[in-house]
Amino acid sequence: MMKTNILILSLLCFGLNAGAQQTYLSREEYRDKVEAYSQILKQQHLKTFASTEARKIASTGFLPQIDITAEGTANLNHLDQWNSPKGDYRPYTYQALATLTQPLYAGGSLIAQKKMAQADEALEQLTTELTLDQIHYQSDAIYWNASAARAGLTAATTFLNIVQQQYDIIQDRFDEGAISRTDLLMISTRHKEAELQYIKARQKHTLALQQLNILMGSEPNAPIDSIAEIDIPTTPIIPLGLDDVLPRRAEYASTSVNIARSEAQRHAALSRYNPQVSMFLATGWDTGIAYMGQDVPHTPVAGVNVSIPIFRWGARFKTNRQQKAYIGIQKLQQSYVTDNILEELSAATTKLTETEQQVRTARENMTLAEENLDLVTFSYNEGKASMADVLSAQLSWTQAHTNLIDAYLAEKMAVAEYRKVISE
């Protein structure tokens with residue numbers, strides 16, 4: 001019986017603990033939620049879908065086309081002759097025609113249009129990748145900003161408690177007549193400053209959580225599950241070179257696609273000056289200009305259309321030079337994008353190194369500030385230090401803590417920026 005009761009109590013305690021635990025929202029999970037909600041990304045997916053359909057439409061230009069046309073007329077002045085005998089004039093005519101057309105050679109325009117549509121589809125897909133990279137970077141920035149705001153609120157709470165403890169001690173000593181009112185006023189001022197710092201940190205934390213919620217499609221004031229602490233270790237990153245980064249960047253890939261598209265555009269523009277050949281099959285009924293009530297025969301027709309441009313005042317050569325200039329612009333754009341990526345990569349790599357050193361220094365400074373505050377507070381309580389020393393140590397402590405949080409945030413943002421640069 002005793003073992004049964006112990007087992008039941010253990011299960012109840014486990015259930016209570018499990019219910020009290022909050023679900024941990026990792027950076028990766030938050031990124032997925034933001035990605036799933038992003039309206040910008042959904043718009044880009046629709047644009048990509050539209051470009052895919054445009055590419056399919058361009059492919060239909062190679063296939064036969066069937067058209068049906070019909071036309072009828074009536075002479076309103078002679079409607080009384082509508083049913084006149086065969087061989088006499090009737091005041092109406094009609095025609096119906098079904099035509100099957102098949103292009104044989106369109107001067108290369110159909111192939112060029114298909115290549116342009118394929119390039120447009122590829123560009124939209126690359127734009128989707130670029131949009132996704134930007135969304136990931138934005139979600140990381142909001143996530144770590146919220147984490148830093150939470151750490152700032154914790155630090156402000158701790159600082160307020162430190163000042164509150166010292167304030168209580170000094171208040172008791174002042175009530176006992178052991179110290180002057182000057183020390184009480186000084187610590188009272190610092191106490192109000194700590195309260196104001198706490199209020200500002202609480203506001204910043206609330207705004208950060210609201211932004212965190214809105215970005216993933218939740219209500220602004222919805223409860224936030226626990227998130228990663230700002231001081232969690234960062235996964236070591238092995239820097240990549242420009243040659244490794246360029247193939248991973250959607251902007252650079254887009255420049256190559258744009259060059260191919262401009263080349264296809266050149267062929268499409270020149271196709272107007274090439275021969276055009278198509279064939280057709282037509283069948284239908286036609287009364288002719290005047291209908292005499294005779295039987296209208298069924299007339300099948302087959303034909304070939306040939307168009308050969310002969311003289312256009314050098315327009316072909318001028319068009320060719322114009323299109324080659326556009327291709328040159330795209331090639332220069334590729335070089336420009338390469339320089340921009342190199343600049344971003346260099347800056348991101350430098351930030352990784354500098355923020356790592358910044359965090360290391362801020363940690364050392366925090367350790368010194370904590371030790372200094374403990375020693376000065378102890379010395380003051382023992383009558384060996386002044387209140388000015390205590391206030392200075394408290395200020396150094398809160399500044400060191402703020403600097404450490406800022407260093408952690410800078411490190412996390414440097415990692416996020418580097419991942420964005422290398423499209424990870």
Quick one about [Y] and [X] (side-chain donor to acceptor, distance below 3.5 Å, no hydrogens or angles considered), yes or no?
X	Y	answer
His298	Thr283	yes
Thr287	Tyr92	no
Ser271	Asn274	no
Ser423	Asp133	yes
Gln210	Asn221	yes
Gln125	Thr48	no
Ser256	Gln334	yes

Least distance between heavy atoms, [X] atom then [Y] atom:
X	Y	answer
Arg261	Ala119	CB-CB, 3.6 Å
Ala156	Ala201	CB-CB, 3.8 Å
Ala269	Arg272	O-NE, 3.2 Å
Leu373	Val390	CD1-O, 4.5 Å
Phe159	Gln394	CE1-O, 3.4 Å
Lys114	Phe62	CD-CE1, 3.9 Å

Do the side chain of [X] and the main chain of [Y] share a donor and acceptor less than 3.5 angstrom apart?
X	Y	result
Ser392	Ala388	no
Gln113	Leu110	no
Asp389	Ala385	no
Gln323	Arg321	no
Arg190	Leu391	yes
Ser147	Ala228	yes
Thr361	Gln358	no
Thr154	Arg150	yes
Arg173	Asn381	yes
Tyr30	Leu212	yes

Inset, instruction - Before giving the answer on side chain to side chain contact (heavy atoms under 4.5 Å, CB included), spell out for Thr131 and Thr127 the whole-Å C-alpha distance, their side-chain angles and the decisive distance to 0.1 Å. - result: CA-CA 6 Å; Thr131 303; Thr127 303; 4.2 Å; yes

So for atom [atom1], which belongs to [X], do other residues, nucleotides or ligands contribute more than 12 heavy atoms lying within a distance under 6.0 Å?
X	atom1	result
Glu371	CD	no
Leu281	CG	yes
Tyr105	OH	yes
Ile40	CD1	no
Ile68	CD1	no
Glu219	CD	no
Gln203	CD	no
Lys324	NZ	no

Do [X] and [Y] have side-chain heavy atoms sitting under 4.5 Å apart?
X	Y	result
Leu184	Tyr167	yes
His136	Glu35	yes
Asp286	Leu97	no
Thr255	Gln330	no
Lys351	Glu354	no
Phe49	Glu124	no
Ile341	Tyr252	yes
Leu185	Arg181	yes

Indicate yes or no: does [X] engage [Y] in a salt bridge with an N to O separation below 4.0 Å.
X	Y	result
Lys412	Asp140	no
Lys420	Glu417	no
Lys192	Glu195	yes
Arg360	Glu356	yes

Legend entry - Pair listing, ring-ring contact (aromatic ring centres under 6.0 Å, His included) test, anchored in residues 315-361, at least two apart: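 Non-adjacent pairs meeting ring-ring contact (aromatic ring centres under 6.0 Å, His included): zero.
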
Show me the donor-acceptor pairs within less than 3.5 Å that the side chains of residues 237-251 make with the rest of the protein, sequence neighbours left out.
from	atom 1	to	atom 2	distance (Å)
Arg248	NE	Ile422	O	3.1
Arg249	NE	Glu251	OE1	3.0
Arg249	NH1	Glu344	OE1	3.2
Arg249	NH1	Val421	O	2.9
Arg249	NH2	Glu251	OE2	2.6
Arg249	NH2	Glu344	OE1	3.0

Could you state the interatomic distance from [atom1] ([X]) to [atom2] ([Y]), rounded to the nearest 0.5 Å?
X	Y	atom1	atom2	value
Ser59	Gln118	OG	CD	6.5 Å
Ile310	Tyr273	CD1	OH	14.5 Å
Arg202	Leu207	CZ	CG	12.0 Å

Inset, instruction - Please test Tyr418 against Leu345 for side chain to side chain contact (heavy atoms under 4.5 Å, CB included), starting from the C-alpha separation and ending with a verdict. - result: CA-CA 7 Å; Tyr418 184 79; Leu345 179 62; 3.9 Å; yes

Can you list, pair by pair, the side-chain donor-acceptor contacts under 3.5 Å of residues 402-411, counting residues two or more places apart and other chains?
from	atom 1	to	atom 2	distance (Å)
Thr402	OG1	Thr398	O	2.9
Asn403	ND2	Gln399	O	3.1
Tyr408	OH	Arg363	NE	2.9

Legend entry - Intermediate values then yes/no, side chain to side chain contact (heavy atoms under 4.5 Å, CB included), Leu41 and Thr128: CA-CA 7 Å; Leu41 185 60; Thr128 300; 4.2 Å; yes

Inset, instruction - May I have the step-by-step check of side chain to side chain contact (heavy atoms under 4.5 Å, CB included) for Thr99 and Ile66, ending in yes or no? - result: CA-CA 6 Å; Thr99 305; Ile66 299 177; over 6 Å; no

Legend entry - Test log, rule side-chain hydrogen bond (donor to acceptor under 3.5 Å, both in side chains), inputs Asn161 and Gln165: CA-CA 6 Å; Asn161 292 334; Gln165 292 176 2; over 6 Å; no

